[in-house]
Asker: 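Pasting a structure here, questions to come.
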Amino acid sequence: MTAVKKRLQNDSFRHYLKSLKFSLYTMRRPLDGFWDLIHEKRGSMAAAHTIVITFVLVQIVYLTQSNFWWIDIPMESFSSLIVVLNIVLPILLFSLANWCLTTLFDGKGRIRDIYMGYAYAMVPQLLIRAAIVPLTFILTSDEVMIPIMLSQISNLWFYILILCAMKQIHDYTFGKALLTTIVSLSAMGIMVFIFLMFFAVVSDGMAYFYSLGQEILFRIRRG
């Protein structure tokens with residue numbers, strides 16, 4: 001049993017490494033890559049989690065260790081938690097919004113597939129952002145167009161990969177994938193608005209009952 005268990009663990013680890021390496025293939029061949037990622041089981045949730053966590057770490061290094069002429073933020077107000085939320089929340093919100101929408105329009109992807117597709121699409125941004133950090137110490141402020149260009153390329157690359165991922169995951173045409181992706185982004189805004197409204201109502205309710213309780217205690221003590 002021990003030998004069998006060890007072999008299964010080794011097979012799982014090899015699959016994890018292969019699925020992580022496969023992210024480089026999706027960068028170069030997005031249509032084939034994202035189809036195989038989901039339908040041929042070439043991706044894994046473990047690899048997707050690794051990409052997201054690595055992206056968070058790279059973003060923290062990017063914001064805190066880049067040369068001051070590129071990024072100069074007051075460290076006393078810097079919060080790693082804000083960085084984590086700025087990265088993780090959009091992924092989760094997009095996955096949920098896109099899944100809710102595409103289930104109404106014959107989308108074939110599950111919420112985990114959408115999450116994986118989003119995570120794998122982040123790889124170009126991750127690699128380019130990691131490369132920009134040392135470049136800011138090699139280049140001068142007069143050569144600022146180079147990291148700006150690289151940053152814009154990484155963003156455009158990400159948008160293309162997201163579109164390809166949604167097309168292949170849901171087996172859509174490009175037009176339908178683009179439309180559902182745009183509507184998903186709008187739905188994310190609506191979800192955030194509803195959450196903030198709910199939070200405000202709950203906060204006001206708690207404040208009201210707290211004040212009411214304080215008033216009752218005050219009257220009891222006086223009586």
Side-chain angles (χ1 to χ4, degrees), residues 19-20 22-56 58-59 62 81-129 151-201:
S19 63
L20 194 59
F22 191 72
S23 64
L24 301 177
Y25 181 78
T26 60
M27 287 173 53
R28 296 179 286 106
R29 303 281 298 276
L31 292 177
D32 292 337
F34 282 111
W35 179 268
D36 292 345
L37 182 77
I38 304 302
H39 301 285
E40 301 297 329
K41 310 299 182 185
R42 299 288 298 274
S44 70
M45 287 294 287
H49 293 331
T50 301
I51 292 168
V52 173
I53 293 170
T54 306
F55 192 96
V56 169
V58 167
Q59 181 68 1
Y62 176 80
L81 179 60
I82 298 299
V83 176
V84 173
L85 293 177
N86 284 339
I87 294 171
V88 175
L89 280 182
I91 300 173
L92 299 179
L93 286 174
F94 179 85
S95 301
L96 179 60
N98 188 262
W99 176 75
C100 291
L101 179 67
T102 53
T103 51
L104 301 175
F105 295 97
D106 302 319
K108 293 182 170 58
R110 301 168 296 173
I111 193 168
R112 58 177 284 136
D113 299 332
I114 299 166
Y115 171 82
M116 272 200 293
Y118 194 113
Y120 275 68
M122 294 166 64
V123 172
Q125 284 186 317
L126 188 160
L127 297 177
I128 292 177
R129 202 156 292 188
S151 182
Q152 291 176 343
I153 288 173
S154 72
N155 292 333
L156 178 60
W157 203 342
F158 167 75
Y159 297 140
I160 292 172
L161 292 182
I162 274 287
L163 181 60
C164 291
M166 295 306 106
K167 177 189 182 301
Q168 299 299 73
I169 288 170
H170 298 298
D171 198 13
Y172 282 167
T173 62
F174 270 115
K176 195 172 182 179
L178 178 61
L179 179 61
T180 54
T181 300
I182 292 172
V183 176
S184 297
L185 295 174
S186 302
M188 289 170 61
I190 295 172
M191 291 166 65
V192 170
F193 176 75
I194 292 173
F195 173 78
L196 292 177
M197 288 291 292
F198 175 77
F199 181 77
V201 170

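For this chain, numbers begin at 1 and follow the sequence in order. These numbers come from a predicted model, not from an experiment.
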Asker: Is a side-chain donor or acceptor of Ser186 paired with a backbone partner of Ile182 at a separation under 3.5 angstrom?
Answerer: yes
Asker: If we ignore hydrogens and angles and just use 3.5 Å, is the side chain of Tyr172 paired with the main-chain N or O of Phe105 as donor and acceptor?
Answerer: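 Side chain of Tyr172 to backbone of Phe105: a pair is present.
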Asker: Between Asn98 and His170, does any side-chain donor sit less than 3.5 Å from a side-chain acceptor?
Answerer: yes
Asker: Compare every heavy atom of Gly117 with every heavy atom of Ile169, then report the nearest pair and how far apart it is.
Answerer: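 Where Ile169 meets Gly117 most closely, the heavy atoms are CD1-CA, 4.0 Å.
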Asker: Please give me the minimum heavy-atom distance between Val56 and Val83, naming the atom from each residue.
Answerer: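 Heavy atoms only, the tightest pair is O-CG1, 4.3 Å.
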Asker: Is the Tyr118 to Phe158 ring centre distance short of 6.0 Å?
Answerer: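 When the ring centroids of Tyr118 and Phe158 are compared, they turn out to be within the sub-6.0 Å range.
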Asker: Using modelled atom types only, decide if a donor and an acceptor are shared between the side chain of Asp171 and the backbone of Lys167 within a distance under 3.5 Å.
Answerer: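 Answer holds: no.
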Asker: Whether the side chain of Trp157 engages the backbone of Met27 through a donor-acceptor N/O pair (distance < 3.5 Å, no angle test) should be reported.
Answerer: yes
Asker: Is there side-chain contact between Pro90 and Asn86, with at least one heavy-atom pair below 4.5 Å?
Answerer: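 They are not in side-chain contact.
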Asker: Set out, in order, the CA-CA distance, both residues' side-chain angles and the distance that settles ring-ring contact (aromatic ring centres under 6.0 Å, His included) for His39 and Phe34, then state yes or no.
Answerer: CA-CA 8 Å; His39 301 285; Phe34 282 111; over 10 Å; no
Asker: Going by heavy atoms in the side chains, are Met197 and Ile194 under 4.5 Å from each other?
Answerer: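 Met197 does not reach Ile194 side chain to side chain.
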Asker: Spell out, as yes or no, whether a donor-acceptor pair under 3.5 Å connects the side chain of Gln168 to the backbone of Leu31.
Answerer: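 Present.
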Asker: What is the minimum heavy-atom distance between Val52 and Val88, and which atoms define it?
Answerer: CG1-CG2, 4.3 Å
Asker: Compare every heavy atom of Ala47 with every heavy atom of Tyr120, then report the nearest pair and how far apart it is.
Answerer: OH-CB, 3.3 Å
Asker: Would a distance-only check, ignoring hydrogens and angles, find a side-chain to backbone donor-acceptor pair under 3.5 Å from Thr173 to Lys176?
Answerer: yes
